[in-house]
Amino acid sequence: MNQMMIPHDAMDATFNYYTSHTTTTTTTSSSSSSSSSTGSLTTKPSRRRLNRRPHHSFRSFIILFLSLLLFLSGLITFIPPFFSTLYPNYYSYYYYHYPPGSFYRSHEVFQNLLHHILNDNSSQLQLSDVWRYKMKLKEHKPCLTPTTRQYPDMGMADKYLIIEANGGLNQQRASITIKLQMADIEFGDIYDEEHFISTLKKYVDVVRELPKELMEHYDFNISNISNFRVPAWASASYYLEQVYPVLKEQRILRIAPFANRLATSLPPHIQYLRCLTNYEALRFSIPITALGKSLVERMTVDSSGSGGKYASVHLRFEEDMVAFSCCVYDGGKYEQLEMDRIREKGWGDKFKRETYIIDPVRFRIDGRCPMTPLEVGMMLRGMGFSNTTPIYLASGKIYEADKNLAPLKKMFPLLHTKDLLASSDELASFQGFSSRLAALDYIVCLFSEVFVTTQGGNFPHFLMGHRRFQYGHAKTIIPDKRKLVVLLHNTSISWHAFKNEMQAMLEDSDHKGVAIPKIKKSTRKNSIYAHPFPECQCLHESRFSTEE
């Protein structure tokens, strides 16, 4: 029966969708059974019989008591296999397996270790000494740079390709970083258009407006232009064989959506243009760049005690992120109802469909649950970062911010956000525009000495590659979340043991930060945006040699 001991609040939240009807049915059935049994037992026998055999009442009580025990043992014996058949993922994990890390206990571990955390001054890691390994760039293959426009034929000069940069800040970046013959791209609120056009002018023409005579044919409505649905990760040959003939015939073509519509493996001269676009042509607009640099300067000033260096953390613990993850934390019934409300508001009945499998246990064990501020703080303190380390927190509105940020602030008092560094007047033109606010976070994180990613996604994906390109090292901490949830499930773990595990995790991130993927015969499986070398090496060397 020890296996059945599980936090009551976690049970409430986890069985949110799966046990309500079953519980109701079982309760009703039990009540009916109990009522009928009670009714038959309380029927008054004749006075004569009671007087003759008074011990029968006691015997009936014993029989009833034994019957109840048999009934309960039957429930324990037969109901679990039956329920496990109905809901194998949920019931069996909680009641039979309970693998370490299956549910959230980090807050319990934190309370047990808090005294040791706050009083640990044995290994105050200096930000300047975090990274031990150094990247040594080697020429893996010839680095080809295009020297001229490469039109399939001269008739392409009057053809127009429209791309729609959909999604958030870095999904738009993925849409834009591609070799285009002609493009109409509206992104002036986030990126510097003039710089973009001038940087690519040698290779690609980018126009702000389409010819009037061409637009007349479509009633001046871009949505009337044919939309070519390109499959995800399409090869260069697909564009030449499928897209190009249609473009040549129609003169104008629209591709939407465009994110992730180009393969990772491409000819070297196109990969170079990807590098050029991502690291040179795409520069944030002047208002974003100006305020972003101001925030970096303010972080540097506030980090004077650590040589002007600071750490940055990309935290994905906004309420919509927590709700979408379907993970269970320590908020009990209130959290369950709140997450239900947010899911209902944002996604309708998507999460209630029978075909949609929700498995909080498996999500957490697989490292798919967003890290809490508490978990981030414990990880960094375990790695050796002292409580005097300045930290910039890149995030949207944190779920239950007062409650959830309190442990992180206790471990790292020098915690900053854009809202604390900038005045309300400075942020006024950014409020309500998530991509512009994300761009500010991007700039501050780019120039930090240490960047911590907690949940994956486009933001850390591009930022990690940009930092590799900028510094020759990822300078990024990527937690092993599968390992972390197991450690934070053990409420008896010692601070010394936890620290040893965290320091090994930091060294692993450091070692991976200098790794260059091996690319053979122009094939690569990972993204050039997260791993820019060796294809971006020529651009990297020319850029930094010029700066020097």
Side-chain angles (χ1 to χ4, degrees), residues 167-173 186-193 282-306 308-323 338 342 345-346 370 372-374 376-377 388-455 457-460 462-463:
L169 174 68
N170 292 285
Q171 201 169 0
Q172 293 176 30
R173 181 182 285 266
E186 305 234 354
F187 64 162
D189 291 335
I190 303 174
Y191 296 105
D192 186 335
E193 286 186 349
L282 281 176
R283 187 168 69 185
F284 290 122
S285 64
I286 294 176
I288 291 176
T289 301
L291 182 55
K293 286 184 176 180
S294 295
L295 298 184
V296 172
E297 291 172 1
R298 292 167 196 175
M299 276 301 304
T300 303
V301 171
D302 290 346
S303 307
S304 57
S306 56
K309 300 180 183 297
Y310 59 92
S312 62
V313 176
H314 183 227
L315 186 66
R316 295 307 315 273
F317 206 69
E318 302 91 349
E319 63 176 22
D320 60 337
M321 188 66 186
V322 176
E338 186 71 1
I342 296 168
K345 179 181 177 181
T372 63
L374 179 152
V376 173
T388 60
T389 303
I391 292 182
Y392 179 83
L393 196 63
S395 175
K397 184 179 179 181
I398 302 297
Y399 170 62
E400 291 286 300
D402 291 341
K403 167 196 167 186
N404 288 312
L405 284 178
L408 181 59
K409 290 180 179 178
K410 187 173 291 187
M411 289 180 275
F412 292 97
L414 300 180
L415 189 67
H416 302 78
T417 64
K418 53 183 172 289
D419 297 296
L420 294 175
L421 292 173
S423 67
S424 56
D425 289 340
E426 288 176 313
L427 289 174
S429 61
F430 294 82
Q431 299 295 352
F433 299 95
S434 59
S435 290
R436 299 183 200 179
L437 292 170
L440 293 177
D441 283 339
Y442 189 100
I443 292 173
V444 183
C445 291
L446 178 63
F447 291 101
S448 62
E449 182 66 18
V450 175
F451 173 62
V452 183
T453 174
T454 63
Q455 186 59 18
N458 285 316
F459 186 98
F462 277 87
L463 193 55

S.K.: Grab the two heavy atoms, one from Phe412 and one from Gly377, that are nearest each other, plus how far apart they are.
M.R.: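 So the two residues come closest at CE1-O, 3.6 Å.
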
S.K.: Just jot down the side-chain contact (heavy atoms from CB on, under 4.5 Å) partners of Thr300, sequence neighbours excluded, or say none.
M.R.: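 Listed in chain order: Val296, Tyr310.
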
S.K.: If you compare all heavy atoms of Leu437 against all heavy atoms of Gln431, which two are closest, and at what distance to 0.1 Å?
M.R.: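 Shortest heavy-atom separation between Leu437 and Gln431 comes out as CD1-OE1, 4.2 Å.
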
S.K.: Give a yes or no on whether the backbone of Thr372 and the side-chain of Asn404 come within a donor-acceptor separation of less than 3.5 Å.
M.R.: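 It does not hold such a pair.
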
S.K.: Does the side chain of Asp192 reach to within under 4.5 Å of the side chain of Leu282, using non-hydrogen atoms?
M.R.: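 No, too far: nothing below the 4.5 Å cut-off.
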
S.K.: For residues 313-322, run the donor-acceptor check on the side chains, cut-off 3.5 Å, and write out each pair with its distance to 0.1 Å, sequence neighbours left out.
M.R.:
unit_1: Arg316; atom_1: NE; unit_2: Glu318; atom_2: OE1; d: 3.2
unit_1: Glu318; atom_1: OE2; unit_2: Gly396; atom_2: N; d: 2.9

S.K.: Give a yes or no answer on whether the side chain of Arg436 reaches the backbone of Ser429 with a donor-acceptor pair at less than 3.5 Å.
M.R.: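 Looks like yes, one N/O pair under 3.5 Å.
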
S.K.: To the nearest 0.5 Å, what is the distance between NZ (Lys293) and CG (Leu291)?
M.R.: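 Lys293 atom NZ to Leu291 atom CG measures 12.5 Å (nearest 0.5 Å).
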
S.K.: Throw together a table of side-chain donor-acceptor distances under 3.5 angstrom for residues 413-425, partners on residues two or more places apart or in other chains.
M.R.:
unit_1: His416; atom_1: ND1; unit_2: Leu414; atom_2: O; d: 3.3
unit_1: His416; atom_1: NE2; unit_2: Asp302; atom_2: OD2; d: 3.4
unit_1: Thr417; atom_1: OG1; unit_2: Asp419; atom_2: N; d: 3.4
unit_1: Thr417; atom_1: OG1; unit_2: Leu420; atom_2: N; d: 3.3
unit_1: Lys418; atom_1: NZ; unit_2: Ser395; atom_2: O; d: 3.2
unit_1: Lys418; atom_1: NZ; unit_2: Asp441; atom_2: OD1; d: 3.2
unit_1: Lys418; atom_1: NZ; unit_2: Asp441; atom_2: OD2; d: 2.8
unit_1: Ser423; atom_1: OG; unit_2: Glu426; atom_2: N; d: 3.2
unit_1: Ser423; atom_1: OG; unit_2: Glu426; atom_2: OE1; d: 3.4

S.K.: Starting from the C-alpha separation in whole Å, work towards a yes-or-no answer on side-chain contact (heavy atoms from CB on, under 4.5 Å) for Val376 and Leu374.
M.R.: CA-CA 5 Å; Val376 173; Leu374 179 152; over 6 Å; no

S.K.: Report yes if the side chains of Tyr191 and Arg283 come closer than 4.5 Å at any heavy-atom pair, otherwise no.
M.R.: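 Answer no - side chains too far apart.
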
S.K.: Go through the steps to decide whether Phe451 and Ser312 satisfy the test side-chain contact (heavy atoms from CB on, under 4.5 Å), and finish with yes or no.
M.R.: CA-CA 5 Å; Phe451 173 62; Ser312 62; 3.3 Å; yes

S.K.: Any chance the rings of Tyr442 and Phe462 have centres within less than 6.0 Å?
M.R.: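 They do not qualify: ring centres at least 6.0 Å apart.
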
S.K.: Do any N or O atoms from the side chain of Ser306 and from the backbone of Lys309 form a donor-acceptor pair under 3.5 angstrom?
M.R.: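 Yes.
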
S.K.: Looking at every heavy atom in both Pro287 and Phe430, which two are closest together, and how far apart are they?
M.R.: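 Closest approach of Pro287 to Phe430: O-CZ, 3.9 Å.
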
S.K.: Is the backbone N or O of Ile286 less than 3.5 Å from a side-chain atom of Thr289, with the two atoms forming a donor-acceptor pair by type?
M.R.: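 Between the backbone of Ile286 and the side chain of Thr289 there is no qualifying donor-acceptor contact (under 3.5 Å).
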
S.K.: Would you mind reporting whether Ile288 and Ile443 have side-chain heavy atoms less than 4.5 Å apart?
M.R.: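 The answer is yes, as the side chains (C-beta and beyond) meet within the 4.5 Å cut-off.
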
S.K.: Can you tell me how far CD1 of Ile190 sits from CZ of Phe433, rounded to the nearest 0.5 angstrom?
M.R.: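 Here the rounded value is 10.0 Å.
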
S.K.: Atom NZ of residue position Lys403 - does it have more than 12 heavy atoms of other residues, nucleotides or ligands inside 6.0 Å?
M.R.: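 Yes, enclosed.
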
S.K.: Between atom SG of Cys445 and atom CZ of Phe459, what is the distance when rounded to the nearest 0.5 Å?
M.R.: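 If I round to the nearest 0.5 Å, the distance is 4.5 Å.
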
S.K.: To the nearest 0.5 Å, what is the distance between CG (Leu463) and CG (Asn458)?
M.R.: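 Separation between the atoms: 12.0 Å.
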
S.K.: If I take atom NZ from residue Lys409 and atom CD1 from residue Ile391, how far apart are they, to the nearest 0.5 angstrom?
M.R.: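 Rounded to the nearest 0.5 Å, the NZ-CD1 separation comes out at 12.5 Å.
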
